[in-house]
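Each remark here refers to the structure printed beneath this line.
Both ligands and their constituent atoms are indexed starting at 1 by order of listing.
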Amino acid sequence: MKKILVTDLIPKSTLKLLRKHFEVDINTSGQDLSRDEILSSFNNYDGILSMFSNKIDKEVIDTLSNVKIIANYAVGYNNIDVNYAKEKGIAISNTPDVLSDTTAETAWALLITVARRIVEADKYLRDGKWQKFSFDFMAGQDIHNKTLGIVGAGRIGKKFAQKSVGYNMKILYYNRKRDIDFENEYDAEYVDLNTLMANSDFVSVHVPLTSSTHHLINYDNMSLMKNNAILINTSRGAVIKEEALVKILKEKKIFGAGLDVYENEPLVPIDLIKMDNVVLLPHIGSSSTETRTAMADLAARNIISVLNGGEPLTGV
Ligand code: GLV
Ligand code: GLV
């Protein structure tokens with residue numbers, strides 16, 4: 001029987017599915033596998049179901065001669081040197097589509113929460129500070145009739161746009177290439193990044209992390225943002241230069257930010273933690289029970305397909 005390593009806990013039903021086909025080892029320690037464990041153990045298996053926190057670079061890939069597929073339990077795969085793995089004949093898969101709605105919902109949750117100061121207001125009440133009505137008490141910003149800037153109109157960015165429909169918003173988007181169907185569907189306008197940053201009330205980032213999107217959002221383009229602007233990131237932390245975002249927020253150049261991802265997870269800059277106008281989530285963008293199960297099943301089905309001699313279903 002072929003052998004699979006699952007590098008962290010996954011839903012029981014998916015584990016059961018894998019165990020029908022393979023001998024399965026799973027890391028149940030509650031800790032990420034260490035570098036040494038990855039280097040010494042991966043090649044004992046025919047397939048790996050990996051997490052985005054597992055760094056699978058050239059050094060790791062050089063240890064692999066048995067492994068046929070690495071199925072990442074994530075849509076993002078910046079943790080894997082995909083080109084090098086493919087050169088070595090290892091298939092790589094991710095989990096696209098099944099998490100697009102859920103991740104777009106997380107971006108919306110952050111947007112609404114920051115704009116209407118929901119977390120700050122909740123904390124105020126729980127701290128026992130609520131005394132009386134006042135006209136400007138916890139006054140936030142409307143969302144309807146505003147301009148939404150979407151950086152990266154791929155699968156998740158499009159779902160984010162779709163969910164804005166009831167809010168009657170103007171949509172600007174920046175993408176590697178124009179998407180006429182998207183423009184027609186949402187009356188969206190294709191603009192360059194600086195134009196988007198300067199004209200949007202809310203900017204939401206939905207690009208994958210690659211060498212060309214690393215620090216795409218920097219001090220210079222954030223400086224163009226409106227005073228009332230809110231920046232949302234549910235993609236990867238390093239798409240935004242975090243240090244520059246801290247500076248922009250400290251200088252009160254924008255209204256606030258909503259973040260699910262950080263440059264050095266799980267470390268979050270203490271400056272951000274101290275700010276009331278910033279809502280911080282611990283990388284839970286795709287974390288609904290339904291979606292995390294669908295992602296795990298898709299990763300498992302990729303492994304089953306490849307180890308039965310087929311192609312990955314969602315190869316990258
Ligand atoms: C999570 O961040 C993912 O890439 O799916
Ligand atoms: C607020 O609660 C109002 O009645 O306007």
Exercise. Among pairs that include at least one residue of residues 274-314, which meet ring pair (Phe, Tyr, Trp, His ring centres under 6.0 Å), considering only residues two or more places apart or in two chains?
Worked result: Phe52-His283
For this session: List every atom of ligand 1 that sits less than 4.0 Å from any heavy atom of Leu99, numbering the atoms from 1 in the order shown and giving each element.
Result: 5 (O)
Exercise. For Ala74, is at least one N or O under 3.5 Å away from an N or O on ligand 1?
Worked result: no
Exercise. Going by distance alone, is a donor N or O of one side chain under 3.5 Å from an acceptor N or O of the other, for Asp297 and Thr14?
Worked result: yes
Exercise. For ligand 1, which atoms, with element, lie under 4.0 Å from some heavy atom of His283?
Worked result: 1 (C), 2 (O)
Exercise. Does ligand 1 have a heavy atom under 4.0 Å from the side chain of Val261, from its backbone, from both, or from neither?
Worked result: neither
For this session: Flag Arg236 as yes when one of its N or O atoms lies below 3.5 Å from any N or O atom of ligand 1, and as no otherwise.
Result: yes
Exercise. Is there a path from Ile150 to Leu259 through hydrophobic residues (I, L, V, M, F, W, Y) whose side chains come within less than 4.5 Å of each other?
Worked result: no
Problem set entry | Nearest non-hydrogen protein atom, atom 5 (O) of ligand 1 | Val75 N, 2.7 Å
Problem set entry | Whether Phe160 and Trp108 hold their rings parallel, tilted or perpendicular, with breakpoints at 30° and 60° | parallel
Exercise. Using 4.0 Å as the upper bound for N to carboxylate O, is an ion pair formed by Asp127 and Lys123?
Worked result: yes
